[in-house]
Structure formats: C-alpha cells, structure tokens
Amino acid sequence: MFFGSSKLVERGDVLVIPAPNDKHKNDANKITIHWKQWFSENSGDYYLLTAKNRNRGDAKTPFYIQAEWYNEPGFNSAYNMRRIDDDNYEITIDDRHQYAGEDARFIVWHDKDRKPYADRFVQHALVQYSTYAVKTVLDILPLNGDTSRTVVEGFNELGQNLAGRYLRTY
C-alpha cells in the first residue's frame, strides 16, 4: 500500500509520460483495441507507454493513450500538460483519465464515449506483444509479488480479474 491507499495511481497523482516523438510514436507501441458498443463493432488505436508516478517514488505504470490525441500537433497545450524536458511531460490524474481494476493497475486516457472493457487491453498485450512484452508489463505490475507463476499464468489471472468490467473514471 502507498500512503494508506491500495491503488497504484490515485486521483491527483502526477505522472510523467514520454513526449510524442519517433521513439514512442512507432508501430511497436501502437495497438488496436476492438470492442462492441451499442450492438456494433468498434475499434480504436492506442499507444502503450510507461508512465512514472511522481507521487509513488516514480513507480512505473502502463499508460494507454488514444493514438489520435498523441499524434495531434500541440499535444501538450491541447491537453493541459507540462513539458518538463525534451522527452517528457507531466500530467495530473483527474476525471479525464480512466483505470482498470480496484487498484488502478493501468491508466487509459481516451474519449470516454469509447466503452471497451478493461480486459480488452490485457488480451491485446498477450496476443500482440508476445511473451517478452507481456513479461515487461508484468514486471511493472507484479501480481501480489508471486514470481513462481509463468508469464501466461500471471497475465491470464490479470485478464480474468478484469473480464467484463468497464474502465472506471477517477
């Protein structure tokens, strides 16, 4: 627990995210999430970034951002962000952001009219990013500190815990 809370990221926390640049705006970081909404198939592109939580000792947190927003010229001024150096921005978590699970295991910043279930993000990482990428995400999000489980077992448990649940708004 951090500061009396079981959440990994709280409303009001300050996160550092990578600035949009060629290193982070590439196909390896871009994913497509598919979901059904109002009886129709939907999809949206996101970038998966690693954010650092300043309020939690720079703890790493997976951070999904809607690709159209991350690609937008004037990204920082359009979304009220503070540039802290050439490679990073600071943002304050507020009601513009959503999270998955009781303990805010990852953050999603997108148009909240999109309604994908939280498990869509987990499933995608397992399918698209291979064992190496899944292990990287699990290293950021250890499941109760149990290192005896395989990567697939750990990710499967995370997915099951989030299955059928909508993202929550801060």
Under a 4.5 Å cut-off applied to non-hydrogen side-chain atoms, are H97 and R11 in contact?
no
N53 side chain to T61 backbone, donor-acceptor under 3.5 Å
no
Hey, mind stepping through Y99 and I93 against side chain to side chain contact (heavy atoms under 4.5 Å, CB included) and telling me if it holds?
CA-CA 10 Å; Y99 63 96; I93 296 298; over 6 Å; no
Distance-only, no hydrogens or angles: does the Y117 side chain make a donor-acceptor pair with backbone N or O of L167 under 3.5 Å?
no
Indicate the ring-plane relationship of F121 and Y46, choosing parallel, tilted or perpendicular according to the 30° and 60° boundaries.
perpendicular
Exam field: side chain Q66 to backbone D111, donor-acceptor pair closer than 3.5 Å:
yes
Please answer whether the main-chain N or O of N71 pairs with a side-chain N or O of Y47 as donor and acceptor at a distance below 3.5 Å.
no
Do the non-hydrogen side-chain atoms of V9 and Y170 ever get within less than 4.5 Å of each other?
yes
Crowded around K112 NZ? As in, over 12 foreign heavy atoms under 6.0 Å?
yes
Report whether W35 and I31 are members of the same hydrophobic cluster (ILVMFWY, side-chain heavy atoms less than 4.5 Å apart, transitive linking).
yes
Stepwise side chain to side chain contact (heavy atoms under 4.5 Å, CB included) check, E41 with K36:
CA-CA 5 Å; E41 296 288 330; K36 289 187 178 185; 2.6 Å; yes
Closer than 3.5 angstrom, by distance alone: can the side chain of R83 be matched with the main-chain N or O of D85 as a donor-acceptor pair?
yes
